[in-house]
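Below is one structure, written out as structure tokens; comments come after it.
Both counts, for ligands and for their atoms, begin at 1 and track the order of listing. Quantities reported herein were computed from a predicted structural model and do not represent experimental measurements. Residue indices begin at 1 and follow the sequence shown.
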Amino acid sequence: MARIEDVAARAGVSVGTVSNVLNRPHAVAPKTRARVEAAITELGYLPNESARALVSGRSRTVGLVVPDVTNPFFADLARGAEEVADKHDVVVMLYNSADSIERELRYLGRLETQRVQGILVTPVDRGGRAVEDLISRGTPVVLLDRGQPSRNVCSVTVDHRAGGRLAGTHLTELGHRRIAFLGGPLSAPQVADRLDGARQAATAAGAVLETIETSALTVAAGREAAGALALRDAGERPSAVFCANDLLALGVLQTVTREGLRVPEDLAIVGYDDIEFAAAAAVPLTSVRQPREQLGRVAAELLFEEIHDAGRHGHRQVAFQPELVVRRS
Ligand code: RIB
């Protein structure tokens, strides 16, 4: 196995120059860089990333911890974050906390011991103690999709009350006077905020909004809740349902159509996130769109700003506005 010293000798430069070509190529004259790269290829030299991380004290990675990797919402977030990380020659390590506080804490601890440069996290643990501890021990963190009252951390979120109002107003303007909100757990801030916004809109229009709490924000939870809805007599059933995310809405759509209900004639459906499958659904879903990749990009930009210049970095809470995308459901 060729060593860095062999590359230096072959290219006629110092070991430090070879290290610069590997870690700060822009700092090396093009001709010198070309000679070193030729020597690396000829010798088949393989840099030791772990050794480099030991020397520099930080690995060339950032962590991204999300509650549900099966939800396309987070895949889109990750794509945006990775686009920015790649520009910094950093890789993103994706962890699925599966909505478990215990798992989230374990993964945050592992990322810290691996000396990642920073962490993006959609926290399940709303108490935020683990995040505060990470920051106090020197690992930059940015919160994604869920804010935190304290001001010593950046966050990138969407105004979910506004999103709930968009959905509720859309349905009341269509004439719906009996609406169901489907989502949960209601302890999740982004679910509670969407419900709150929808309730504001329903109240303003004199409509009735019933809440059907689900155990999760998944297709399966949507199917289960819709099964109960479909069994109700027409006079007891809401004429519209606002789902806290598109996965729930897709589960509702699948079940109620299987039970013979027409969408939107018998039951109008609105989702949230506007993931790619919303438009592709059998009845294209009306959905409240979140700028998913942009959320990931901005969060990563804030993280690298803090990583590269903590002294000048000022923590900020960035909140985007959602938009209603009207389709057939
Ligand atoms: O955590 C699941 C949901 O929360 C996603 O669907 C998205 O709406 C996020 O805000």
Side-chain angles (χ1 to χ4, degrees), residues 64-81 94-101 103-104 107 120-126 128 142-148 155-168 181-198 212-225 241-253 269-281 285-299 317-325:
L64 170 60
V65 185
V66 297
D68 179 5
V69 286
T70 65
N71 183 342
F73 171 83
F74 292 108
D76 294 341
L77 275 193
R79 187 161 51 211
L94 178 63
Y95 283 76
N96 178 33
S97 60
D99 274 312
S100 154
I101 292 181
R103 194 182 288 200
E104 178 176 275
Y107 289 165
L120 301 168
V121 56
T122 296
V124 179
D125 172 19
R126 255 89 61 194
V142 173
L143 303 181
L144 249 174
D145 183 46
R146 288 175 199 163
Q148 185 160 304
S155 66
V156 180
T157 59
V158 171
D159 181 347
H160 295 312
R161 273 193 185 81
R165 280 197 298 274
L166 283 172
F181 174 84
L182 198 67
L186 295 179
S187 58
Q190 80 274 39
V191 175
D193 288 350
R194 291 167 205 179
L195 168 57
D196 195 23
I212 302 173
E213 184 168 12
T214 59
S215 57
L217 294 165
T218 58
V219 174
R223 285 197 201 103
E224 184 185 351
V241 59
F242 168 36
C243 299
N245 78 349
D246 287 341
L247 296 183
L248 284 168
L250 291 168
V252 170
L253 176 62
I269 302 174
V270 175
Y272 203 103
D273 293 341
D274 196 31
I275 58 175
E276 196 175 344
F277 299 117
L285 276 181
T286 293
S287 183
V288 178
R289 185 179 183 282
Q290 294 203 69
R292 302 173 307 288
E293 288 194 30
Q294 192 178 9
L295 290 169
R297 274 198 302 275
V298 170
Q317 281 64 41
V318 179
F320 286 92
Q321 288 303 313
E323 61 176 309
L324 183 69
V325 180

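Scanning all heavy atoms of the two residues, the minimum distance from Val191 to Gly184 falls at CG1-N, 3.8 Å.
When the side chain to side chain contact (heavy atoms under 4.5 Å, CB included) test is applied to Ile101, the partners found at least two apart in sequence or on another chain are Leu105, Val124, Asp125.
Using bins of under 30°, 30° to 60° and over 60° for the plane-to-plane angle, the ring pair Tyr272/Phe242 lands in the tilted bin.
Note that CZ of Phe320 and CZ of Arg289 are 11.0 Å apart. Values are rounded to the nearest 0.5 Å. Separation of atoms CG (Asp68) and CG (Leu217) is listed at 8.5 Å; rounding is to 0.5 Å. With rounding to the nearest 0.5 Å, the separation of CG in Asp159 from CD in Gln190 is 13.0 Å.
Residues with a heavy atom under 4.0 Å from ligand 1: Asn71, Phe73, Phe74, Asp145, Arg146, Gln190, Arg194, Leu217, Asn245, Asp273, Gln290.
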